[in-house]
Amino acid sequence: MDAERARVLLGAARVAHLATADAGARPHLVPICLALEDDVIFSVVDHKPKRTTALRRLSNVAENARACVLADHYDDEDWSALWWVRADGRARVLVDDDPERLRALELLAERYRQYREAPPAGPVLALDVERWSGWSTAE
């Protein structure tokens, strides 16, 4: 799968999974809502209930910027439409009135009604994609 097809599939995905690791390489995987612009994937710490606001994904990125996002489509009845896309890169945390954070919130609100109705106030995680990979039964 080429990078452009991978971008299209990931950009259309409603949910994906973000993988980070701490300085000791201990992995952490969480589902995310996302928005894609060029080769940057954005997700936000939103208002959904969490045990703490000191999220491991944020502390992991501070210790180890290497991260990846994985989206996939699986249909147990129609295996001719299976695909997965992985975006590997370096993650950054955007806070406060950073113009890139504000742009990310706009993009996320365009995709998710819940973010239009209750704009998230938390930090945005930005993944600068350095490598796209993927697979599809259609290719």
Side-chain angles (χ1 to χ4, degrees):
M1 175 180 300
D2 67 21
E4 186 53 36
R5 178 74 176 138
R7 273 187 211 90
V8 168
L9 289 171
L10 188 122
R14 299 292 291 165
V15 66
H17 294 85
L18 169 70
T20 61
D22 63 16
R26 285 180 292 274
H28 182 67
L29 183 68
V30 293
I32 59 168
C33 295
L34 71 144
L36 173 67
E37 186 167 66
D38 301 322
D39 282 329
V40 183
I41 300 166
F42 298 106
S43 65
V44 64
V45 177
D46 59 28
H47 51 277
K48 291 190 297 289
K50 296 168 181 59
R51 289 182 304 190
T52 178
T53 57
L55 299 181
R56 183 176 299 174
R57 70 190 90 161
L58 301 177
S59 61
N60 282 356
V61 167
E63 295 177 20
N64 176 3
R66 304 298 308 163
C68 74
V69 169
L70 177 77
D72 67 334
H73 173 75
Y74 180 82
D75 183 331
D76 61 338
E77 298 300 322
D78 180 8
W79 283 18
S80 69
L82 305 180
W83 61 263
W84 62 264
V85 170
R86 189 170 116 184
D88 297 291
R90 293 180 123 6
R92 303 173 283 123
V93 177
L94 310 172
V95 296
D96 302 325
D97 291 331
D98 180 317
E100 191 177 16
R101 177 183 174 276
L102 299 176
R103 173 67 179 145
L105 293 174
E106 288 175 11
L107 293 169
L108 287 159
E110 288 172 11
R111 296 199 72 209
Y112 301 97
R113 172 188 49 80
Q114 295 86 343
Y115 291 164
R116 287 191 298 278
E117 293 173 356
V124 166
L125 194 139
L127 179 72
D128 298 311
V129 179
E130 297 170 346
R131 180 177 180 264
W132 293 95
S133 57
W135 172 87
S136 168
T137 56
E139 296 182 21

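Bear in mind that the values here come from a model prediction, so they are computed numbers and not experimental data. Sequence positions, counted from 1, serve as the residue numbers for this chain. The figures that follow rest on heavy atoms only: side chains count, while hydrogens, waters and symmetry mates do not.
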Legend entry - N-O pairing of R66 and E130 below 4.0 Å: yes

Legend entry - Min side-chain heavy-atom separation V45-L55 under 4.5 Å: yes

Inset, instruction - Would you check if Y74 and W84 make a side-chain contact, meaning some heavy-atom pair closer than 4.5 Å? - result: no

Legend entry - Stepwise side-chain contact (heavy atoms from CB on, under 4.5 Å) check, V124 with E100: CA-CA 9 Å; V124 166; E100 191 177 16; over 6 Å; no

Inset, instruction - Taking R111 for its side chain and L34 for its backbone only, find out whether a donor-acceptor pair lies under 3.5 Å. - result: yes

Legend entry - Side-chain heavy atoms of N60 within contact of R26, under 4.5 Å: no

Legend entry - Gap between atom CG of D22 and atom CD of E63 - 0.5 Å precision: 5.5 Å

Inset, instruction - Determine whether L18 and R57 make a side-chain contact, defined as any pair of heavy atoms from C-beta on separated by less than 4.5 Å. - result: yes

Inset, instruction - For R116 and A109, indicate whether the former's side chain and the latter's backbone hold a donor-acceptor pair under 3.5 Å. - result: yes

Legend entry - Point-to-point distance, once rounded to the nearest 0.5 Å, from OG of S133 to CZ of R86: 5.0 Å

Legend entry - Minimum heavy-atom distance C33-S43, with the two atoms named: O-CB, 3.3 Å

Legend entry - Sidechain N-carboxylate O distance under 4.0 Å for R101, D96: no

Inset, instruction - Please round to the nearest 0.5 Å and tell me the distance separating atom CD of E106 and atom CZ of F42. - result: 10.5 Å

Inset, instruction - Please round to the nearest 0.5 Å and tell me the distance separating atom NE2 of H17 and atom CG of L29. - result: 6.0 Å

Inset, instruction - Evaluate the side-chain proximity of L10 to V69: yes if any heavy-atom separation is below 4.5 Å, no if none is. - result: yes

Legend entry - Within 6.0 Å of CG in D97, more than 12 heavy atoms from elsewhere: no

Legend entry - Spatial distance of atom CD1 (I41) from atom CG (L107) [nearest 0.5 Å]: 12.5 Å

Legend entry - Spacing of CZ belonging to R131 relative to CG belonging to D88, to within rounding of 0.5 Å: 6.0 Å

Inset, instruction - Taking all non-hydrogen atoms of both residues into account, name the closest pair between A91 and V61 and its distance. - result: O-CG1, 3.5 Å

Inset, instruction - Using a 4.5 Å cut-off on heavy atoms from C-beta on, say whether the side chain of V44 contacts that of L125. - result: no

Legend entry - Carboxylate-amine/guanidinium contact R7 D38, below 4.0 Å: no

Legend entry - Aromatic ring pairing W83/H73, orientation class (parallel under 30°, perpendicular over 60°, tilted between): parallel

Legend entry - Nearest atoms (heavy-atom pairs only) where L127 meets A87: CD2-O, 3.6 Å

Inset, instruction - For residues I32 and V30, determine if any side-chain heavy atom of one lies less than 4.5 Å from a side-chain heavy atom of the other. - result: yes

Inset, instruction - Considering non-hydrogen atoms only, spot the tightest contact between A35 and L108 and give its length. - result: N-CD2, 3.6 Å

Inset, instruction - Would you confirm whether Y112, through its side chain, and R14, through its main-chain N or O, come within 3.5 Å as a donor-acceptor pair? - result: yes

Inset, instruction - Compare all side-chain heavy atoms of V85 with those of W135 and state whether any distance is below 4.5 angstrom. - result: no

Inset, instruction - I would like to know whether T20 and R56 meet side-chain contact (heavy atoms from CB on, under 4.5 Å); could you show each step before the answer? - result: CA-CA 9 Å; T20 61; R56 183 176 299 174; 5.5 Å; no

Legend entry - Distance-only side-chain donor-acceptor flag, W132 / D2, under 3.5 Å: no

Inset, instruction - Return the minimal non-hydrogen interatomic distance between T137 and A81, and the atom names on each side. - result: OG1-N, 3.4 Å

Inset, instruction - Verify the cluster assignment for V95 and V40: are they in a single hydrophobic cluster under the rule of side-chain heavy atoms below 4.5 Å apart? - result: yes

Inset, instruction - Would you name the heavy atoms of L58 and P123 that are closest together and state the gap between them? - result: CD1-CG, 3.8 Å

